[in-house]
Amino acid sequence: MTDPYRWLTDSLTTLHRAHWYRAPQPLDSPSGPEIVLDGRRLVNFASNDYLGLSQDPRLKAAAQQAVETWGTGSSGSPLLSGYGPLQAELEEKLARWKGAEAALVFSSGYLANLGTILALAGPRDLILADEYNHSSLKRGAQLSGAKVYAYPHLDMTALADLLEKHHSQARRCLLLSDGVFSMDGDICPLPEFLDLACHYQAMALIDDAHATGVLGPAGAGSRDYFQDRGVKLPEFMQMGTLSKALGSLGGYVAGRREWVEFLRNRCATWVYSTALAPANLAAALAAVEIIQTEPEHLQALWRNVRFAREKLSGLPLTRLPSQSPILGIGLPNAQAALAMSQTLRDLGFFAPAIRPPTVPTSRIRFSLMARHHPSQIQGLADALLSLPPPCTV
Ligand SMILES: *Cc1c(COP(=O)(O)O)cnc(C)c1O
C-alpha cells in the first residue's frame, strides 16, 4: 500500500531544497511601526497598514460599539439574512469616495476578485492580464475558463497587440491589472490601459488593494491619482480591500449601479458566503471617515515615502521602480534574499524576502507607514549601507 498523501511530503522536501519553503511567524505584539517577534523588538517594514489605522482608538471603538449593537457575526449570506445597515452604509460611503455610483462589499479582497471575474467572464471570452498581477486576479482568470494571455509587466504595446490579434474571436474581453503592483510598488498606466479597453470595447477591472487609502489626494486610489493629474478617465470596475490601509477586513468592487446589481445576483463568492461581521464593517466605515477628514495621515505616509526613496537611492543596491509606499530591492536569488532579510533582522529591522512563486525574481520588500519615525527609516538606510557586498542583482 502506498500512502496517497506521500506526494505532499515529497513536495515539501522540494520546497525546502529550493529555499521556497515558507511558514507564518506569529507576532508577539500588535502590528505597528514596531513589532515584537521572537521576543525581540524590530522596526516593521512589512505591514500593509499604511496609515496605522488598525491600531486607531476610533476604529477600535467603532468595532466594539458594532459588536455591542449587532453581535459578533452577521449570521447569514447577504441575500438571505446577513445584510445589515452597516454594510449598506459602507457600500454607499465607498461608492462616493471612489466616485462611483455603487459598491459591493465582500468578505475579502481575494473573494471580491475571484467572484467578480467568474461572474464577468467564461469559456467564450478573452482575458488579458499583466504578468505581475495579484494571485486573486490570476486565479480568477484561470478558473473562469476564458482564454487568458498575460502581457509583459506594464507593456501597453504588448497589450494592444494581444487585443488586436485575439479580440475578434472572443465574445467579450476583460482586462485585468493591479493598480499598484503589490510586490513591486509600481503602478498601472491607467490612461493608456483604459484607452485600449475603450478602443476594443473591453471591460476593465483594476485592483486597488494597495492604492486604496494611499494614492490620490483623497486617498481614493488609482482613479483619484490620475484625475488629480488632469486625466479624464472612463468608468471601469474599481476593486479594493478593506484589509490594508483601511485597517479592517473585507473587499469591495465599485462601479456603475447596474454593474453592482448584476454582481449582487451573479457573484457566487458574494451570494453564497456569509456577509462580513459588524465589527469589520464598522471599523472600515470609521477608517474611510478618518481618511476623508484628516489628510495628515496620507501626508505623513508620503513624507516618509519621499524620505525613504531619497535615503535608499544613495545606496549601492538595485532599487526596483516604484511609485508607491512599497519599495523593493532586487536580489539575484532566493537564498540571497533570505540572507539579507535575516541580516536586517539581526540589526533590528523586519522586511521579508519575497521569493518565487510569489514573484518571478527574488527581492526584499519594504512597506512604509505614516507612523514610521524618520529615524527608523534613517536606521534602515544605515543598516543597508553596512551590509557586505555583493548582494544585488
Ligand atoms: C491583498 C491583496 C488582495 C486580497 O485582498 P484581501 O482583502 O487581503 O483578501 C487582492 N489584490 C491585491 C493586489 C492584494 O495585494
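Read the numbers this way: they start at 1 and go in the same order the structure lists the ligands and their atoms. When reading the values below, keep in mind they use all heavy atoms of this one structure, side chains included, and skip hydrogens, waters and symmetry mates.
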For the backbone of Ser222 and the side chain of Asp208, can you confirm whether one donor and one acceptor N or O come within less than 3.5 Å of each other?
yes
Between Tyr225 and Arg229, is there a cation-pi geometry (under 6.0 Å to ring centre, at most 45° from the normal)?
yes
Is the shortest side-chain N to carboxylate O distance from Lys165 to Asp161 below 4.0 Å?
no
Tell me, please, which residues at least two apart from Glu296 pass side chain to side chain contact (heavy atoms under 4.5 Å, CB included).
Glu294, Gln299
If you look at each N/O of ligand 1, which protein N/O atoms lie under 3.5 Å away, and at what distance?
| from | atom 1 | to | atom 2 | distance (Å) |
| --- | --- | --- | --- | --- |
| ligand 1 | 7 (O) | Gly109 | N | 2.8 |
| ligand 1 | 7 (O) | Thr241 | OG1 | 2.7 |
| ligand 1 | 7 (O) | Ser243 | OG | 2.9 |
| ligand 1 | 9 (O) | Gly109 | N | 3.2 |
| ligand 1 | 9 (O) | Tyr110 | N | 2.9 |
| ligand 1 | 11 (N) | His134 | ND1 | 3.3 |
| ligand 1 | 11 (N) | Asp207 | OD1 | 3.4 |
| ligand 1 | 11 (N) | Asp207 | OD2 | 2.5 |
| ligand 1 | 15 (O) | His210 | NE2 | 2.8 |
| ligand 1 | 15 (O) | Lys244 | NZ | 2.6 |

Do the side chains of Glu101 and Arg256 get close enough for a salt bridge, i.e. N-O under 4.0 angstrom?
no
Less than 4.0 angstrom from a charged side-chain N to a carboxylate O is my criterion; do Arg40 and Asp38 meet it?
no
